[in-house]
Amino acid sequence: MKKYIYLFVLLVTVSIACRKENKDGGRPPFSAKSFWPNSGNAGTIVTINGTGFGVKAADNEVMFGATPAKVVDVRDSILIVLAPESGATGALSVKVGDKKVELGTYTYQQLSLHEASPLNGPAGTNIAIKGMGFSSLNIPAEVTVNGKSALVTIVNDTLIVATVPVAAGSGKIAVKVNGKEVAGPDFLFQSIQKLKPLSGGDNTTVTITGEGFSATPAGNIVVFNGKNATVVSATNTQLVVTAPAGVATGPVSVIINGQKTTGNVFTVVPKPTIKSVTPLSGPAGATMTIKGEYFSAFTDEVTVTVNGKNTTLTSATEKQVELKIPAGTGAGKIVVTVNGQTTEGPDFKEQALSVTQLSPDNGIEGADVTITGLGFSTVPSDNTVLFNGVAATVSAATATTLKVKTPSNFSTGAVIVRTGGLEAIGPVFTKSGVVTIAGGPTKNTFSSPTGIAVDAFDNVYVADGNKILKIDPAGNISTFAGDVAAGNIDGTGTQARFSYINTLAIDKYNNLYACDQINKKIRMITPAGVVSTFAILSYSPSGLGVDKNDNVYVGMQYGSVFKLDRFGNGTAMATGYESPTNAIAVDNNGIVYYGSDYSYNSIFKVANGTRSVYTGNSGGGVYRDGTLAEAAFGMPTGVAYDAAENKLYTTDNNAIRMIADGQVKTITGWKGGMTPIYGSQDGALIDATFSSITSICVDRNGNIYVCERGNKSVRKIVLK
């Protein structure tokens with residue numbers, strides 16, 4: 001063993017000879033702080049940490065008790081010495097010039113710690129500890145890091161491998177064997193405790209809080225899901241970095257001296273989207289509300305400027321921020337910045353006139369609307385109100401409210417108010433709502449309407465018992481095919497006979513298909529009213545749909561869905577025990593969706609021959625909006641597909657519900673509550689009521705049509 005020690009001394013001596021002599025100028029004052037190991041035999045290499053040591057070995061006096069030790073190397077912050085042959089257990093001291101420091105006791109014993117690697121890392125790091133005297137026949141060697149027990153995985157007389165424990169912190173590595181203990185070097189514990197923000201995009205500034213970082217920026221390598229970030233500044237507990245270009249969602253890691261610490265996931269999100277700003281004009285101190293997407297719930301992560309002036313946010317969520325308009329704003333752009341990603345919004349004008357709210361914010365012609373804001377004239381005629389450029393009559397006015405009715409022939413767009421030479425742009429009023437286009441609870445237009453379809457010319461077809469009625473765009477109603485009497489006859493118009501039509505569907509050539517239930521047939525009716533038998537079935541059909549390629553789909557009672565070819569031959573798409581009811585929808589990818597009989601409360605889908613529940617559950621009677629997994633239905637029946645918007649609509653008892661982007665949302669009916677409300681009220685979406693909706697369809701413009709057994713009517717739901 002001694003020959004290796006002497007070889008080490010020789011190498012160190014050579015390195016000293018090759019190194020340029022240090023100069024005294026600018027050296028820090030002498031200070032000795034610690035040493036390791038604190039035990040070992042004679043000849044053990046001992047490292048002393050401090051500052052301001054003497055330039056030459058001879059300028060430093062190191063004593064092991066009363067015995068001087070040989071100094072073999074001098075560096076800026078360490079001395080390397082050998083425990084003297086004739087030394088004994090006692091105090092280790094260092095003297096430079098006339099200043100002497102005692103560092104603690106060095107114990108002469110077999111147990112000694114010579115080297116440990118690595119000296120930094122997170123919990124779970126395996127440290128290789130080299131030395132002597134680690135073996136024991138009594139009790140296994142124990143290792144601690146900063147006083148906390150580490151798991152020993154390998155041990156022999158000269159080597160121990162131990163795992164850094166969770167939350168160890170930075171401190172001494174120590175080994176204990178048979179009641180004897182030796183302390184080694186300090187271990188720098190690394191951890192990432194917090195990332196802020198946790199989301200953003202390219203060039204987002206992120207602050208990483210933790211411990212064990214290098215105080216020099218270049219000493220830290222920060223990686224965002226495999227891509228290196230730029231370290232802007234660094235301390236031992238905090239790093240400020242810039243997310244790299246092309247950053248992707250994934251964990252953030254910090255690498256120091258080759259040791260990697262992994263922290264939170266950084267989620268990449270698009271730059272903020274501004275959907276609406278209210279008001280777009282107003283006085284200083286007014287509250288502005290900005291709605292959109294990809295904001296932040298933390299106000300310190302969102303910055304809003306108006307005409308270049310910083311604003312003070314009063315609240316923030318991921319979809320909405322509120323702020324106070326600062327004085328002297330003038331007129332200029334609204335700019336929203338979230339975690340370094342910026343979006344420019346509309347212009348704002350500082351003035352006395354403003355529009356903050358429309359109640360309701362949707363409706364059809366003749367709807368009553370209350371406009372809320374500031375600076376209105378109390379004389380109704382002094383205020384001009386435009387619905388997307390179409391003038392409305394103001395019936396009542398105060399300084400903060402205007403009462404108007406939506407004008408004829410208006411379209412979706414912003415509401416503008418002009419008063420006293422000023423103009424204020426308000427929120428968008430959406431032309432939407434529910435209107436009865438035929439029938440009603442007190443009329444006998446229909447007996448029991450069960451199926452509905454709309455052609456490319458906005459003609460509406462309604463199945464009513466054994467006949468099909470046609471409603472043209474002017475509202476004129478005529479019998480298109482069939483008659484009151486039941487039968488089973490092909491022919492033209494009223495010469496044809498059906499036996500209970502429960503569902504209608506239409507193809508791109510405006511050919512109408514009827515589910516002739518009792519006759520167990522699918523009948524086709526041309527635009528000229530010519531009725532023919534398209535398919536003869538061995539079962540009673542319960543639902544009907546047509547895809548974009550004019551394939552026909554038929555629901556079988558207690559037998560799922562069949563697909564019919566152009567000759568009317570049917571092929572089972574999937575097996576199941578439910579009865580697809582009323583309208584069956586097929587999306588652009590050929591996936592089939594349908595509601596079922598009253599034994600189920602789900603929307604099913606069939607894709608690639610596999611039938612599954614798309615949304616809802618079989619609990620029955622529960623009504624709940626939410627994700628596809630969370631949503632619940634009371635009594636879903638028909639399903640319609642809007643190909644342009646890639647949205648599904650379904651009837652659910654007395655409500656219309658939309659399924660899009662993985663969410664189920666009630667758009668009208670039930671008066672926005674959780675309990676079915678029967679009625680026949682037209683008007684705004686939130687106010688409308690229905691009674692026993694039997695079927696649904698969507699026209700080329702995205703308008704929804706339903707027929708109701710309870711109201712004996714056909715209703716149109718306008719959404720655009």
Side-chain angles (χ1 to χ4, degrees), residues 1-17 30 32-50 53-54 56-75 77-96 99-117 119 127-144 155-160 162 172-187:
M1 184 68 189
K2 287 186 178 180
K3 68 178 182 179
Y4 293 112
I5 295 173
Y6 295 145
L7 177 60
F8 173 80
V9 173
L10 178 61
L11 291 172
V12 170
T13 303
V14 170
S15 71
I16 294 171
F30 164 61
K33 298 176 180 178
S34 62
F35 70 97
W36 71 275
N38 62 354
S39 70
N41 294 324
T44 296
I45 301 167
V46 178
T47 300
I48 302 170
N49 299 295
F53 295 125
K56 300 176 182 178
D59 296 336
N60 304 276
E61 180 184 297
V62 179
M63 304 292 291
F64 282 64
T67 306
K70 180 177 180 61
V71 178
V72 296
D73 192 9
V74 182
R75 303 181 189 177
S77 58
I78 62 173
L79 290 178
I80 297 177
V81 301
L82 299 180
E85 289 282 348
S86 56
T89 296
L92 187 152
S93 64
V94 181
K95 183 179 181 183
V96 176
K99 187 175 181 180
K100 179 180 179 182
V101 176
E102 290 192 355
L103 292 176
T105 300
Y106 180 86
T107 303
Y108 274 80
Q109 61 182 13
Q110 178 67 23
L111 181 62
S112 179
L113 195 161
H114 300 159
E115 180 183 347
S117 178
L119 291 178
I127 306 174
I129 304 168
K130 297 179 181 179
M132 297 180 63
F134 296 153
S135 297
S136 172
L137 297 176
N138 300 319
I139 301 174
E142 300 175 26
V143 176
T144 59
V155 61
N156 59 43
D157 194 59
T158 59
L159 174 68
I160 294 176
K172 290 287 184 187
I173 299 170
V175 178
K176 186 176 182 180
V177 181
N178 293 331
K180 297 179 180 179
E181 187 171 351
V182 58
D186 285 336
F187 181 85

request  = With side chain to side chain contact (heavy atoms under 4.5 Å, CB included) as the test, would you mind laying out the steps for Arg75 and Ile80 before giving the verdict?
outcome  = CA-CA 9 Å; Arg75 303 181 189 177; Ile80 297 177; 4.1 Å; yes
query = Below 4.5 Å, heavy atoms only, C-beta onward: do Val155 and Val143 meet side chain to side chain?
reply = no
key: Inter-residue atom distance Ile127.CD1 - Ser117.OG, 0.5 Å rounding   = 9.0 Å
key: Min side-chain heavy-atom separation Val72-Val81 under 4.5 Å   = no
task = Would you check, one step at a time, whether the test side chain to side chain contact (heavy atoms under 4.5 Å, CB included) holds for Asp59 with Val71?
result = CA-CA 10 Å; Asp59 296 336; Val71 178; over 6 Å; no
request  = Might you point out which heavy atoms bring Ala141 and Val177 nearest each other, and give the distance in Å?
outcome  = CB-CG2, 3.7 Å
key: Any residue meeting ring pair (Phe, Tyr, Trp, His ring centres under 6.0 Å) with Phe35, in chain and number order, not counting sequence neighbours   = none
Closest approach of Ala183 to Asn38 (non-hydrogen atoms, all atoms of both residues) = N-OD1, 2.7 Å
query = Which salt bridge (charged side-chain N to carboxylate O under 4.0 Å, His left out) pairs, counting each pair once, include a residue from residues 177-187, with sequence neighbours left out?
reply = Lys172-Asp186
message = Ignoring hydrogens, what is the shortest heavy-atom contact between Asn60 and Gly54? Give both atom names and the distance.
response = OD1-N, 2.7 Å
ask   = If you take all heavy atoms of Phe64 and Leu82, which pair is closest and at what distance?
value = CE1-O, 4.4 Å
query = How many angstroms lie between atom CE of Met132 and atom CG of Leu159, to the nearest 0.5 angstrom?
reply = 13.5 Å
message = Counting C-beta onward and ignoring hydrogens, is there a side-chain heavy-atom pair between Ile129 and Phe134 closer than 4.5 Å?
response = yes
ask   = So do Pro84 and Tyr108 actually touch side chain to side chain, heavy atoms under 4.5 Å?
value = yes
task = Applying side chain to side chain donor-acceptor pair (under 3.5 Å), name anything that partners Gln109, two or more places apart in sequence or on another chain.
result = Ser39
task = Measure the spacing between OG of Ser135 and CG of Leu111 and express it to the nearest 0.5 Å.
result = 10.5 Å
ask   = Between Val101 and Phe30, what is the shortest heavy-atom contact and its length?
value = CG2-CE2, 3.8 Å
request  = Please tell me if the side chains of His114 and Ile45 come closer than 4.5 Å, counting only heavy atoms from C-beta onward.
outcome  = no
key: Gap between atom OG1 of Thr44 and atom OH of Tyr106 - 0.5 Å precision   = 3.5 Å
request  = Determine, stepwise, if the pair Val74 / Leu79 fulfils side chain to side chain contact (heavy atoms under 4.5 Å, CB included).
outcome  = CA-CA 5 Å; Val74 182; Leu79 290 178; 3.8 Å; yes
remark   = Taken to the nearest 0.5 Å, the spacing of Ile160 CD1 from Asp157 CG works out to 9.5 Å
Val62 vs Val46, side chain to side chain contact (heavy atoms under 4.5 Å, CB included): CA-CA, chis, key distance, verdict = CA-CA 11 Å; Val62 179; Val46 178; over 6 Å; no
ask   = Do the side chains of Ile173 and Trp36 get nearer than 4.5 Å, heavy atoms only?
value = no
ask   = Heavy-atom distance under 4.5 Å between the side chains of Thr158 and Lys130, does that happen here?
value = no
ask   = Closest approach of Glu85 and Ala42, non-hydrogen atoms and distance?
value = CA-CB, 3.6 Å
